[in-house]
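Heads up, the thing below is written out as C-alpha cells.
In what follows, chains carry the letters A, B, and so on, assigned in the order in which the sequence lines appear, proteins first and then strands, with residues in each chain numbered from 1.
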Number of protein chains: 2
Amino acid sequence: MIDTVKIAKALSDPIRYKIMLMLAQGKGECCPISGQEEDFRPGLCNCEFVAATGMIQSRVSYHMKELVDAGLITEEPRGKWKMYFINTKTLKQYCEQLAQDFVVK
Amino acid sequence: MIDTVKIAKALSDPIRYKIMLMLAQGKGECCPISGQEEDFRPGLCNCEFVAATGMIQSRVSYHMKELVDAGLITEEPRGKWKMYFINTKTLKQYCEQLAQDFVVK
DNA sequence: TGCATATATCAAAGTTATTTGATATGATGA
DNA sequence: TCATCATATCAAATAACTTTGATATATGCA
C-alpha cells in the first residue's frame with residue numbers, strides 16, 4: 001500500500017518537483033550515459049542537478065533521498081556515479097489512490 | 001493554471017488528508033443539512049471536524065484555510081455555520097498535471 | 001438588546017523541514 | 001598505493017509549518 005501523504009510531501013517542495021521534471025525529461029549533459037543499448041532508460045546523476053540548479057551537493061543529496069524514500073524515483077550505482085530514474089509506477093498508484101479516496105466516493 | 005506544488009503541500013498533512021476523506025464521504029452528524037433538495041451536495045461544517053478529531057477549533061480552522069487556499073475544497077456560509085465541500089475539479093486537474101509532467105514524457 | 005454559538009485571527013511556543021559547511025565513505029585511474 | 005572525484009552523513013543554524021490559548025467578529029435566538 002502506498003503512503004499517499006508521504007508522496008504528497010515529497011512532491012510539495014519546488015526543488016524536488018523540478019528534479020522530478022528533469023528526470024521525466026531525461027536530458028543529461030554531465031555524465032556519460034548512452035542511449036543506444038537495448039534496455040536504455042533515461043537517467044540522471046547527482047551532479048547533473050548540482051550543475052542545473054546551482055545547489056551544493058549535500059543539498060541535492062538530501063532531496064534525492066527524500067524522493068527515493070517516497071518511492072518516486074529509484075537509484076542505481078554506476079561506478080562512482082549514482083543514476084536516478086523516475087518511478088512512474090508510484091506516480092500512477094498515487095493518482096489512482098487520490099481518485100479512489102476523493103472522487104469515486 | 002493550477003499550482004501543483006501548493007496542492008501537494010496541502011495534501012501532505014495527515015490531518016488535512018483525513019479532513020478530505022471525511023468530506024469525500026460526506027457523512028455529517030453535527031449540523032442540520034438535509035439531503036432531499038434537488039441541488040444537494042454533501043458538505044460538512046467546521047464543528048464536524050472538531051467533533052470527529054478532538055482538535056480544538058482554531059486548529060481545524062487553520063487547516064480548512066490551507067485546503068481552501070489550495071483550491072481543494074470550497075466554503076459556503078450557512079447562517080452561523082460554514083459548510084465545506086470537496087472540489088473534485090482541482091483534484092482531477094492535479095492528477096492530469098502530474099500525468100502530463102511525469103508520465104507522458 | 002443581550003447572550004450563546006460558530007468561526008477567524010493573532011502572537012507565542014513548539015515542532016519539523018531545509019540548508020550549509022565539514023567530514024567520511026567508496027570508486028576510479030594513474 | 002595515492003590522489004581525485006562523486007556521493008553520503010552529520011551537527012548546527014535557519015526557515016517553515018503547526019499548535020495552542022486568547023481574543024475578535026458575526027450570526028441566531030430569546
Among the nucleotides C:dT18, C:dG21, D:dT7, which one has an atom lying closest to any side-chain atom of A:Tyr62?
C:dT18

Give the rounded distance in Å between these two atoms: CD1 of B:Ile15 and C1' of C:dT15.
12 Å

From CZ of A:Phe49 over to P of D:dT7, roughly how many Å is that when rounded to an integer?
10 Å

B:Met64 has an atom CE; how far is it from atom P of C:dT7, in whole Å?
9 Å

Quick check for you: among D:dT18, C:dA8, D:dG21, whose closest atom lies nearest to any side-chain atom of B:Ile56?
D:dG21

Any donor-acceptor N/O pair, B:Ser12 side chain to A:Ser12 backbone, under 3.5 Å:
no

Does A:His63 have a side-chain nitrogen or oxygen under 4.0 Å from the phosphate oxygens OP1 or OP2 of C:dT19?
yes

NZ of A:Lys82 versus C1' of D:dT9: gap in Å, rounded?
12 Å

Round to the nearest Å and state the distance from A:Leu67 atom CG to C:dT18 atom P.
10 Å

Phosphate contact (D:dA8 OP1 or OP2) by A:Asn46 side-chain N/O below 4.0 Å
yes

Which of C:dG21, D:dC17, D:dT18 is nearest the side chain of B:Lys9? It is D:dC17

Does B:Arg78 put a side-chain nitrogen or oxygen below 4.0 Å from OP1 or OP2 of C:dA6?
no

Taking the side chain of A:Arg59 as its heavy atoms from C-beta onward, which of C:dA8, D:dT18, C:dT19 lies nearest to it?
C:dT19

Look at the side chain of A:Ser61 and the backbone N and O of A:Gln57, then say whether any donor-acceptor pair between them is shorter than 3.5 Å.
no

Does B:Gln57 make a side-chain donor-acceptor contact with the base of C:dA8, cut-off 3.5 Å?
yes

Roughly how many Å is it from CD1 in A:Ile19 to P in C:dT18, rounded to a whole number?
11 Å

Let me check something: do B:Leu72 and B:Tyr17 share a hydrophobic cluster, defined by ILVMFWY side-chain heavy atoms less than 4.5 Å apart, either directly or through other members?
yes

Please tell me which of B:Lys65 and A:Ser12 maps to the more 5' nucleotide of DNA chain C, matching each residue to the nucleotide holding its nearest heavy atom.
B:Lys65

Given D:dA8, D:dT18, C:dT18, identify the nucleotide with an atom nearest to the side chain of A:Glu75.
D:dA8

Presence of B:Lys80 side-chain N/O under 4.0 Å of D:dC29 phosphate oxygens OP1/OP2
no

Should B:Ile56 and B:Ile19 be counted in the same cluster of Ile, Leu, Val, Met, Phe, Trp and Tyr side chains packed under 4.5 Å apart?
no

Looking only at atom types and distance, does a side-chain atom of B:Arg78 sit under 3.5 Å from a main-chain N or O of B:Met83, one as donor and one as acceptor?
no

Any B:Ser61 side-chain N or O less than 4.0 Å from OP1/OP2 of C:dA8
yes

